[in-house]
Amino acid sequence: MESLTMSALPELFDLTGQVALVTGAASGLGVAIAEALAQAGADVALFDIDGDGLAQTAARVTALGRRPLPIVVDISDEDAVEHAFAVMDAEFAPLDILFNNAGMGDPEPRLLDSYATQNWMKVTNVNLHGTFFCARAALARMVPRRRGKLINVASMWGLAGPSSIFPLPAYAATKGAVVNLTRELALQYAPLGINVNAICPGFFRTNVGPYDDPEFMAATTSFTPAGRIADAEEIKGTALYLASQASSFVHGAIMVIDGGCMAK
Ligand SMILES: NC(=O)c1ccc[n+]([C@@H]2O[C@H](COP(=O)([O-])OP(=O)(O)OC[C@H]3O[C@@H](n4cnc5c(N)ncnc54)[C@H](O)[C@@H]3O)[C@@H](O)[C@H]2O)c1
C-alpha cells in the first residue's frame, strides 16, 4: 500500500493508470460505475450480454479520455467468462479492480410455492454463479500482485426479505449469498492485500425493475425514508470510494446505499 500521509485529497480517489472491469456494464448502475472509474483515470473493461448497450458505454468511456474494452459475455457461462478474461489479459492487464455488478431480478415475482424451477436456476446462475466465476478469475490475477479491489454489487434485499413490498425469493437468496460471500472473501484475501467489499443498493432507477410503472414507483418511493428513489449516478461516490486508495483499510464492508430503507 502506498503512503497516505502526503496524498492530497483528490489523489485518494485517483485511479490513473489502473485497469478496472465492470460486469453488467451495458445498463443502469454498471454504466454509472464505468463512468466514475473512467472519470478517475482508469481504463475500463466492460462485460455484458447486451452488445449494443456495451458499445454505448464504451463510447462514454472513450469520451472521458480512457480506453474501454467491451466484451460480450454471459457471466453465467463458466467457459465464456474464462475466455473473456483471457482476451482481457492479452489487451488490458493487469487487472486492479473488479465490479461484480451484472445481475437480474426474479423473472416472475411470486411466492415460492408456485415458483418455476427454471426461473430459480436463471437467477442463481447469473447472480450467484456468475459472481463466483468472475470473482475467481479476477482474484487469480490479483493474488500474485498482492493488490486488488473486488466490489460485489449485492442489494438491500441481501439483508432483508423483499416480501414486505414484493416477493422475490431467488433474488433475495442470491443477494444474501453474495453478501456473505463478500465477508468470506474479505477474510480470505485481506492478508494478501486485496480489499473485498459489497455495495447494497436500495431502489435506483435502472432496468432491473419496472421503474416506468407508476404503481411500482409509488410503492418503492413510499417504502424509502428519503421519499424518492435514486438516479443511477448516485452510486458513483460509493463505487469510487471502494475502488480507490480512499478505502485502503476497508475489508468486508457491506455498504448500504438505500435512502434509509434498511435503517427502519
Ligand atoms: N437498480 C436497483 O434498484 C438495484 C437495487 C439493488 C441491487 N441492484 C443490483 O445492481 C446490479 C446492476 O443492476 P441495474 O440496476 O443496473 O440493472 P440493469 O438491468 O439496468 O443492468 C443490469 C445489466 O446486467 C446485464 N446482465 C444481466 N445478466 C447478465 C449475464 N448473464 N451476463 C452479463 N451481463 C448480464 C444486463 O444486460 C444489464 O446490462 C444488479 O446486480 C442488481 O441486482 C440494483
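Because the structure is predicted, anything quoted here is derived from the model rather than measured. Order of appearance sets the numbers: ligands from 1, and atoms from 1 within every ligand.
- Listed by number with element, the atoms of ligand 1 under 4.0 angstrom from any heavy atom of D74 are 30 (C), 31 (N), 32 (N).
- Nearest to atom 16 (O) of ligand 1 among the protein's heavy atoms is L29 N, 2.7 Å.
- In the vicinity of G28, heavy-atom distances shorter than 4.0 Å reach the ligand 1 atoms 16 (O), 20 (O).
- Taking each of F99, W157, F204, F47 in turn, the one with a heavy atom nearest to atom 2 (C) of ligand 1 proves to be F204.
- Neither the backbone nor the side chain of M156 comes within 4.0 Å of ligand 1, counting heavy atoms alone.
- Between R66 and E35 there is no salt bridge, since no side-chain nitrogen of the basic residue lies less than 4.0 Å from a carboxylate oxygen of the acidic one.
- Nearest approach of P167 to L111, heavy atoms of both residues: CB-CD2, 4.0 Å.
- Ranked by closest heavy atom to atom 18 (P) of ligand 1, the top entry among A25, S27, S155 is S27.
- Contact check for L112 versus W120: side-chain heavy atoms found under the 4.5 Å cut-off.
- The nearest heavy-atom contact from the protein to atom 4 (C) of ligand 1 is G202 O, 3.7 Å.
- At least one donor-acceptor pair under 3.5 Å links the side chain of T23 to the backbone N or O of A102.
- A salt bridge is defined here as a Lys NZ or Arg NE, NH1 or NH2 lying under 4.0 Å from an Asp or Glu carboxylate O, and R145 with D96 meets this definition.
- Side-chain atoms of Q18 do not come within 3.5 Å of backbone N or O of L15 as any donor-acceptor pair.
- For the residue pair R67 and D43, the shortest heavy atom distance occurs at N-OD1, 2.9 Å.
- Residue-ligand proximity: A154 is placed with a non-hydrogen atom under 4.0 Å from ligand 1.
- Counting only heavy atoms of the protein, atom 32 (N) of ligand 1 lies nearest to I75 N, 3.0 Å.
- Of the listed residues (V178, N101, V153), the one carrying the non-hydrogen atom nearest atom 40 (C) of ligand 1 is N101.
- Distance check, rounded to the nearest 0.5 Å: CD1 of I151 to CD1 of I33 gives 8.5 Å.
- A cation-pi arrangement, defined by a distance under 6.0 Å to the six-membered ring centre and an angle within 45 degrees of its axis, is present between K264 and F223.
- No donor-acceptor pair under 3.5 Å is formed between the side chain of D258 and the backbone N or O of P201.
- Close contacts between ligand 1 and Y211 involve ligand atoms 2 (C), 3 (O) [criterion: under 4.0 Å to a heavy atom].
- Here the straight-line distance linking atom CZ of F216 with atom OH of Y211 works out to 4.5 Å at 0.5 Å rounding.
- In the vicinity of F203, heavy-atom distances shorter than 4.0 Å reach the ligand 1 atoms 3 (O).
- Contacts with ligand 1 closer than 4.0 Å are made by side-chain heavy atoms of Y171 only, the backbone lying farther away.
- The protein atom (non-hydrogen) at minimum distance from atom 15 (O) of ligand 1 is T206 OG1, 2.6 Å.
- Residue contacts with ligand 1, taken as heavy atom pairs separated by less than 4.0 Å, do not involve C200 at all.
- Taking any N or O of G30, backbone or side chain, none lies under 3.5 Å from an N or O belonging to ligand 1.
- For the pairing with E78, the side-chain hydrogen bond (donor to acceptor under 3.5 Å, both in side chains) check across R136, H83, H129 returns one residue only, R136.
- Within ligand 1, counting atoms from 1 as listed, the ones closer than 4.0 Å to a heavy atom of A102 are 24 (O), 34 (N), 35 (C), 41 (O).
- Which parts of ligand 1 touch G24 is read off a 4.0 Å heavy-atom cut-off, strictly below it: atoms 23 (C), 24 (O), 25 (C).
- Of all protein heavy atoms, the one closest to atom 27 (C) of ligand 1 is G103 O, 3.8 Å.
- Distance CZ/F99 to CZ/F47: 15.0 Å, rounded to 0.5 Å.
- Residue Q56 places its CD atom among 12 or fewer non-hydrogen atoms of other residues, nucleotides or ligands, all under 6.0 Å distant.
- Across the listed options T131, I71, V126, V208, V208 owns the non-hydrogen atom lying nearest to atom 19 (O) of ligand 1.
- Against a heavy-atom cut-off of under 4.0 Å, V73 is close to the following atoms of ligand 1: 32 (N), 33 (C).
- Interatomic distance, N100 CG to T131 OG1, rounded to the nearest 0.5 Å: 4.5 Å.
- For atom 6 (C) of ligand 1, the nearest non-hydrogen atom of the protein is P201 O, 3.3 Å.
- Geometrically, ligand 1 and S76 share no nitrogen or oxygen pair separated by less than 3.5 Å.
- Annotation: D48 places an N or O atom under 3.5 Å from an N or O atom of ligand 1; distance criterion only.
- Under the 4.0 angstrom criterion for non-hydrogen atoms, R205 is not in contact with ligand 1.
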